[in-house]
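Just below is one structure, and these are the notes that go with it.
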Amino acid sequence: MNAQHRGHAPRPYPPGDLAIWVFILAELAAFFALFAAYAFTRLRHLELFNEMQKTLDSTAGMINTLLLISGSWGVARAVAAVKANHVRASANWLLMAIGSGVGFLIVKYFEYGAKFSAGVGLDTNLFYTFYISLTMFHALHVVLGMVILLFVWNKTRRGGYSAHDHHGMETGASYWHMVDLVWIVLFPLVYVMR
Amino acid sequence: MQYKSQAVAKPYFVAAIALFVAQILFGLIMGLQYVWGDFLFPYIPFNVARMVHTNALIVWLLMGFMGATYYLIPEEAETELVSPKLALAMFWIFLVAAGLTVVGYLTVPYARLAAMTGNDLLPTMGREFLEQPTITKLGIVVVALAFLFNVTLTVLKGRKTAINTVLLIGLWGLAVLFLFSFVNPHNVVRDKFYWWWVVHLWVEGVWELVLGSILAFVLIKVTGVDREVIEKWLYVIITLTLVTGILGTGHHYYWIGTPEYWQLIGSIFSALEPIPFFAMTLFAFNMVNKRRREHPNKAATLWVLGTGVMAFLGAGVWGFLHTLSPVNYYTHGTQITAAHGHMAFYGAYVMVNLALISYAMPILRGRAANSNKSQVAEMWGFWLMTVSIVFITLFLTAAGILQVWLQRVSDNPLPFMVAQEQVSLFYWMREWTGVIFLIGLLVYIWSFFIPGEEKAA
Amino acid sequence: MNTHLLNMLWVALLVATVLTWLIGKTGYTGPLAVSAILVIAAIKGWMIIQDFMGLRRVRLLWRGIVVGWLLVTLAVILIAYWLGLK
C-alpha cells in the first residue's frame, strides 16, 4: 500500500507548507459553521427546503462533483509525477486540474444563469439565500484554488520543482483537495438529500 | 539608528503621545458627565467632548502608525527614506489640521462649523468618528497620499520584506477605505452600510495588517528569532484576519435595515475573528520564548507581550461575547459595546503603538535601551494603564449587563434614562479607574525624562 | 504514491458520485436514502483525505483533525435531518 521509500514512520506534518494547513483548517471551520447553519435552518423550514430543493439542477451538481474529483485526481497525479522526476508530465496534470476548475465554473455559470433569469435571488426565500451564498462562497474558493494552481503550474513548467523539492506544489495541492472535500459534503447536502 | 532618515519618526511619536493625553482628558470629562450631566455645560457639551475624544484617538493612532512606518521602513528596506523633508512637512500639516479641527469642534456650534467649512459643497460631516469638516478630510487624504508615496517609493527602491510588504498593503488599504468617508448616500441604510467599510474594515481589517507587521518587526529586533519564522507567522495571521474580517463586516449589518442573511453571515465569520488575535498572542509568546538574545529593552518586550494578550481579550474575547446576532439583538448599542470598544482599541492599537515607541524612542535618542530606572517607570506606566483598562472594561460590562436586563430583557423594561440612573454606580467606579489610567499615562511620559545609565546593545 | 492506486480511487469516487446523484434522481427520500448518501459522502471524503491529500502517511493528530471534521460535519447534518423527521 505505502510506496514511499522513506520507511513506515508517520510524518509529523502534512504535505506542503504548514501555513496553508492553518488556512485549510480555518476554511474547514468556516464551512462547517455554514453547513451546520444550513442543516438546522432546514430543520425549521422543512417544507420550504424540500420544495425548493426540487428546483435545483442536481445533474449540474453531479457534473461539478465529477469535475472537482477529477481535478483532485489530476493534482495528486501531478505530485506523484514530480516525485518520480517526470516534471513535464507533472505540469500537464496540473493543467488538467486547472481545466477541471474552468469546467466547474462554466457549469456554475449556466446553473446560475438559469436561476437568475428565472428571477431567483439572494432574498427570494431562505432556501435560495443559502443555496446561492453557500455555492458562491465555495465557487470563490474554486477560483482561489485555480489561481494557486496556476502559479504552481507556471513554476513547474519552468523547472522550479523536482523530486527533491516540490514543497510548493504539495502546498497548492493540499488547498485544492480541501476545496474538493468541502464540495463532497455540499453536493449531497444541498442538492440531493431530502 | 541605522538610517538617518528614521529620525523623522520622532516628532510623530511626540505628537501622538500629546494627543493621547488630550484624548484621555476629554474621556475623563465625559466619564464625569455620565454621572453629573451638567459638568462643563454649555462650554464643552457631551457630544463635543465625545468628538474630541474619539477624533484625538484616531489621529494619534495614525500619527503613531506613520512614525512607526517612517522608523521601520528604512531599516527593513535597507535604504534611506526617499524624502524626509516631505515627511516632516506632512507632520506639521497633519498636526495643524487636526488642531484646527479640534478648535473648530470646541469653539463653534457644529452646524455653523459645517456652513463655514463648505460642507454643503461636498457633504461628509455628521457621522460618528467622521465628524471632521470635508476640508479636513481632504487634507487627511493629501497627507496620507504623500506619506504613502514616500514610503512606497522607499520600499520599491530597497529590500522588499514580508514585513514592509504587509505594512504597505495595510496602509494603502487604510487610505483607500478612508475614501468611503466621502460616500454619503441619501438612504440611511446604505449610509450605514458604507460607513462600516471605513470603520470595520479599518480596525477589523487593514489595521490588523499594520498591527501584525509592527509586532513582527519589534519581535525580530528584541528576540533575534529567524526572520523566516517570524514572517511565516505574519502571513498566517493576516490571512486569518482577512478571511474572518471581510465577511465579518456582516456583524454590523444585523439591524440597520439590510437583508436578514447578514445575521447568519455576520455571526459565522465574526465568531472566527478572535482567531487571528489568538494567533498573535501565541506568536508573541512563542517568539520571546525562543529568543536568541537578551535585548536590554525589557519594557518593549513587555509591551509586545501585553499587546498580544490585551488585543486578544479586548478585541477577540469581548468582541466574541456580543458578536452573535441572537446576543447582539439585546446588547446592541449598550455599555457592552463601550466595554468592548475601549479594551479592544487599547489592547490592539494603543499598545502596539506604545510597543514600537518603547523600542524605537531610545534608539532615536542614541541608545539601545533606557536605564533600568527609566524602564521600571515605563513598566509601572504599562501596568497602571493596562490594569485600569481591564477594570474600566469590567465595570462597563457590568453596567451593560444590568442595562440590557433593565432596559430590554426584563418583563417590565425601563426607559433609557431610568436604566442609566440604576447603573450610575458603575460609572463612578469607571471614572475613578479612568483617573488611575491617566496617572499611568503620566508615569509613562515621565519615564522618558528619567536619566540614568543607558544600555548599549 | 502509487499511481495505480490513485487511478482506482478516482474511478471509485466517480462511481460513488453518480450513485449519490442516482439516489436523488430516482426520488428515494427518507432516512434510509439519506443515511446511504451520507455514508457515501463519508467514504468519498475518507479516500480524498487519506490518499489524495496524503494524510495516510502523516501523524495521527492531523489525520484525526481532518477526518474528525468530516465525521462531525456529517454527524451534525444527520442529526439535524433526524430531528426533522419527528
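Owing to the predicted nature of the structure, the values given are computational and were not obtained by experimental measurement.
Atom CG of C/Leu22 is separated from atom CE of A/Met62 by 8.0 Å, given to the nearest 0.5 angstrom. For the atom pair CG of C/Leu6 and CH2 of A/Trp93, the computed distance is 9.0 Å after rounding to the nearest 0.5 Å. Taking CG of A/Leu181 as the reference point, atom CD1 of C/Ile48 lies at 5.5 Å (rounded to 0.5 Å).
Across all non-hydrogen atoms, the minimal contact from C/Met53 to A/Pro15 is O-CG, 3.3 Å. Shortest non-hydrogen contact noted between A/Ile69 and C/Phe52 is O-CE2, 4.0 Å.
Without hydrogens or angle criteria, C/Trp62 side chain to A/Tyr13 main chain gives no donor-acceptor distance under 3.5 Å.
Residues from residues 42-50 of chain A that place a non-hydrogen atom less than 4.5 Å from a non-hydrogen atom of chain C comprise A/Arg42, A/Leu43, A/Leu46, given in numerical order.
With a threshold of 4.5 angstrom between heavy atoms, A/Ala36 approaches chain C through its backbone and through its side chain. For A/Ile184, the parts sitting under 4.5 Å from any heavy atom of chain C are the backbone and the side chain alike.
Side-chain contact between C/Val34 and A/Pro188 is absent, with no heavy atoms from C-beta onward closer than 4.5 Å. Using a 4.5 Å heavy-atom cutoff, the side chains of A/Thr65 and C/Thr20 are not in contact. Residues C/Leu14 and A/Ser70 meet the side-chain proximity criterion, which asks for heavy atoms closer than 4.5 Å.
Ranked by non-hydrogen atom pairs under 4.5 Å with chain A, the options C/Val66, C/Ile49, C/Asn7 are led by C/Asn7.
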